[in-house]
Amino acid sequence: MSRYNPKETEPRQRKRWDDANVFRTRSPSEAGDRPKYYVLEMFPYPSGRIHMGHVRNYAMGDLVARFKRARGFNVLHPMGWDAFGMPAENAAMERGIHPKGWTYDNIANMRAQLQQLGLSIDWSREFATCDTTYYGQQQKWFLDLLKHDLVYRKESTVNWDPVDNTVLANEQVIDGRGWRSGALVEKKKLTQWFLKITQYADDLTEGLETLDRWPDKVRLMQSNWIGRSKGLKFKFAFADQAPEGFSDGLEVYTTRPDTLFGAGFVGIAADHPLVKSLPQTPELEAFLAEVKKGGTTQEEIDTGEKLGFNTGLKVAHPFKAGETLDVWIANFILMDYGTGAIFGCPAHDQRDLDFARKYDLPVVEVVLPPNADDSFKVENEAYTGLGTLFNSDFLNGLDIEAAKAEAIARIEAADAGQGATIYRLRDWGVSRQRYWGCPIPVIHCDDCGVVPVPDDQLPVSLPEDVTFDVPGNPLDRHPTWKHVNCPTCNKAARRETDTLDTFVDSSWYFARFTSPHSNQPIDKAAADYWLPVDQYIGGIEHAILHLLYSRFITRALHTCGYLSVKEPFAGLFTQGMLTHETYKAPGGEWVDPSDVDITTEGDKRKAVRLSTGEDLKIGDIEKMSKSKKNVVAPEDIFQTYGVDAARLFVLSNSPPERDVQWTTGGVEGSWRFTSNVWAEFDRLPEGDVAATDEAAALELRKAAHKAIKAVTEGFEAFRFNSAIAKLYEFVNTLRASDIAKTGTDARREALTILAGLIAPITPHLAEEGWARLGYESLIAEADWPAFDPALAQDDVYVLPVQVNGKKRGELSVRIGASEDEIRQMALEDETVKRHLEGVTVRKVIVVPNRILNFVVG
RNA sequence: GCGGGCGUGGCGGAAUCGGUAGACGCAACGGACUUAAAAUCCGUCGGGAGUGAUCCCGUGCCGGUUCGAGUCCGGCCGCCCGCACCA
């Protein structure tokens, strides 16, 4: 009897895997008839240390990789580093360390930690996005995108983060603040590089329908983000003299052209160009100032009042001869959506109705709800449901869809506008005024304009002799790097000093992993074999940005001939976060869990700070974060309980898509399980012992085969917590079994199965147990255990018997017993008999394997 | 405001085909071992009534469908997530 010692076992088993190089990826030709399976976890930013969230993410990916490998797939399971970005520059500024040194040191540390986790990764494919060999290839395809007209430059107002001194994409601005720094974002005009993601807006929307192994939630979020809407763009002619620059009329956009006859006013945004051509009266200025003041916080928008200003301008209704509509400036109209101008239909849009009621504008009902008569009037609630058009001339009697089509056709025939599809999605601004990123490979020449860096001069490497003692971009102030000759005319020219948004780096790494050492961006044959990624695993926080950008870049690379696929990730799984209880000291500061002692009295829990002895307040369970100090360090956990117990715990306690709460008790339970499992492997006599109790032996075998079935199904369905619960049950059966009765054959079979089943979760323990059973091979290379269907099923099952739907007894029924037999048995059950006394059985429902129900009355 | 999701013991969660509600784990409680504690082992563990067999109640609330509802339908209440005056 030996005690399980993970500190000794785990490194030893890892060394065996390394020595045998078991996790190398097979080339397509080596794979034989093994189908390919590409499993990928979102690669980490090299902050320097892993956290428990990483442990959970990579434990899940590793489970899938090991499981699929055992199931006969040729598995690709790589790892790399999302290594460009601002923290490296911040470290440089704060501590005078060069970003490159800082980053590669962090990578070395984190690699060691990930390797300690025992992940079945093919490390020969590792790269960092800051490797010249990676970003140099990125520059190559960037120039291809340029050739294909998917990249352009324009002057634009950008979101400027005054703390990070950089430009942010729209989606990196959250509630008016930078997503990373939290600083209030300012507006600034700069010439910026853009990627034409909007060119794929339709395809990105429609592609979502093919992603049937993605969470619906993520597909919905992406669809909303792209925000495709179909409608009509048309121009209202001014009734009188048109203002300067608007002789063609005022263009509006609507998704409800069917309600045109219900138009009550025309509205424009406060920053619409038309506003500038109005007489700049004090009243107008006061109104515009008022609108500007209207904040952007959630509360102000929720409770915000509709504000309007009548411009005095009038436009002609396109279908009602002689009728005009007033043009109002309204605070609820946005300049950057549609055309910045609308017609309001108060009866059928709540905002328009609120506005019309406030300023006493006409409300004309044009959609008749089903079962309403034509006296239908709205009060203070707009009618937005289905119905039939009325009060609408040639649209009368049509349903909404038909009326939309007819209105569009009429407007088009009158040459006043056309049906239009618009998007919320904007092109992706990728310029960053930073050093630690991928240089944009172009040269600016006064004569030739923007000139791509010629292929033989790629990659454009980052200069290393830079300093961070002053704010701004070190590339921009570098004495020599930016000064080059124009590749076309050879005159003095300047390099582009902007670098690419790091989301570009992470938008194609999955493709690079298929041929990480190629001297082209992507080896097409390798990509064709491996892509799409079969199972992608990562955090829900990337539901929009990273995943949308990756889908776009995949399409762009498809257009440029690099990739055959258009969707990068066939299956997506978004895992939940790690949470932990919080502790607060009397002084109000958060206290690290390692400094807390919890005592219980009955169901009361008390927290005491170890270092000071003061009583602590036990706070909410929240996402692990440094600011709340409710983090546990993976190193400490590995040291105390071993890597396998940590892996087991993060997989066992909650469904994988949900948050999991870290508790000391929980991980101790996992540790107990690993010790118990080892004790079972160790409880094997030297010689062979024959079974003395065939029934006991059979029962053990059945438990083992049932476990295979349950665990296999659980793993396939991503129900890891349930699968692990079944393993616990199996181990409980095993512990209760008696070798003297079962004999060694049944026991050995059960243990062999157990080793196989736990290998994806606790691989070191599985390997140690496998060796203890006497196998010289590695379980990491073994096939997944197969179950015997006859053994995985009981030949007697328990059938509940109900009377009027209430359980009154249960029967042990032989598989295949006839309904009559079952009914007869039930009628002999004492309790059932009692409940059937004196009543009439009206009906008997027999569902074999499920239920027997006597309906009486 | 709009869209989506979720409400099950003291806690995390099972029961995903409408068929035994509470698997498995944690915590708690009782006992064994120990000088003692930890560890370990055995047992109890939704609420109520009863010595007991057994019975009643119970999956956020109200109602419906069904032989049978945690599961399906309608209406509320609460919590979480996403988007946000998107025409």
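Sequence lines set the chain letters: A, B, ... in the order given, protein chains first and strands last, and positions in each chain run from 1. Since we're looking at a predicted model, the values are computed, not measured.
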Practice task
Could you check if the base of G12(B) is syn or anti? Syn means the glycosidic torsion is within 90 degrees of 0.
Solution key: anti
Practice task
Could you tell me whether K306(A) sits above the aromatic face of F355(A), with NZ or CZ closer than 6.0 angstrom to the six-membered ring centre and within 45 degrees of the axis?
Solution key: no
How many whole angstroms separate atom [atom1] of [X] from atom [atom2] of [N]?
X       : N      : atom1 : atom2 : answer
I761(A) : G25(B) : CD1   : C1'   : 14 Å
H580(A) : C26(B) : NE2   : C1'   : 14 Å
N732(A) : C41(B) : CG    : C1'   : 14 Å
I598(A) : C26(B) : CD1   : C1'   : 14 Å
D352(A) : C86(B) : CG    : C1'   : 12 Å

Check every strand shown and say whether [X] touches a base, only sugar-phosphate, or nothing at a heavy-atom separation below 4.0 Å.
X       : answer
D336(A) : nothing
D354(A) : nothing
G665(A) : sugar-phosphate
H835(A) : sugar-phosphate

Handout entry: Partner of F649(A) by ring pair (Phe, Tyr, Trp, His ring centres under 6.0 Å), out of W662(A), W671(A), F673(A)
Key = W662(A)
Candidate nucleotides [options], ranked by approach to the side chain of [X] - the nearest:
X       : options                : result
L334(A) : C41(B), C85(B), G13(B) : C85(B)
R658(A) : G13(B), C57(B), U20(B) : G13(B)
R808(A) : C56(B), G82(B), G19(B) : C56(B)
I845(A) : C85(B), G25(B), C67(B) : C67(B)
I333(A) : A14(B), A87(B), G19(B) : A87(B)
R351(A) : C86(B), U40(B), A87(B) : C86(B)
T831(A) : U54(B), C57(B), G19(B) : U54(B)
R672(A) : U40(B), U20(B), G68(B) : U40(B)
M221(A) : G82(B), C56(B), C41(B) : G82(B)
R834(A) : G12(B), U54(B), C83(B) : U54(B)

Interface polar pairs with nucleotides 43-48 of chain B, N/O, under 3.5 angstrom:
none

Handout entry: Under the 3.5 Å Watson-Crick or G-U criterion, the dot-bracket string of RNA chain B, with | for inter-strand pairs
Key = (((((((..(((......[....))).(((((.......))))).((((....))))..(((((..]....))))))))))))....
Exercise for the section: Could you tell me whether K230(A) atom NZ has more than 12 heavy atoms of other residues or ligands within 6.0 Å of it? Expected result: no
Practice task
Tell me whether the OP1 or OP2 atom of G68(B) has a side-chain N or O from R850(A) closer than 4.0 Å.
Solution key: no
Handout entry: Short side-chain N/O contact to G19(B) OP1/OP2 from N849(A), under 4.0 Å
Key = no
Problem - Side-chain-base donor-acceptor pair under 3.5 Å for K306(A) and C85(B) - result: yes
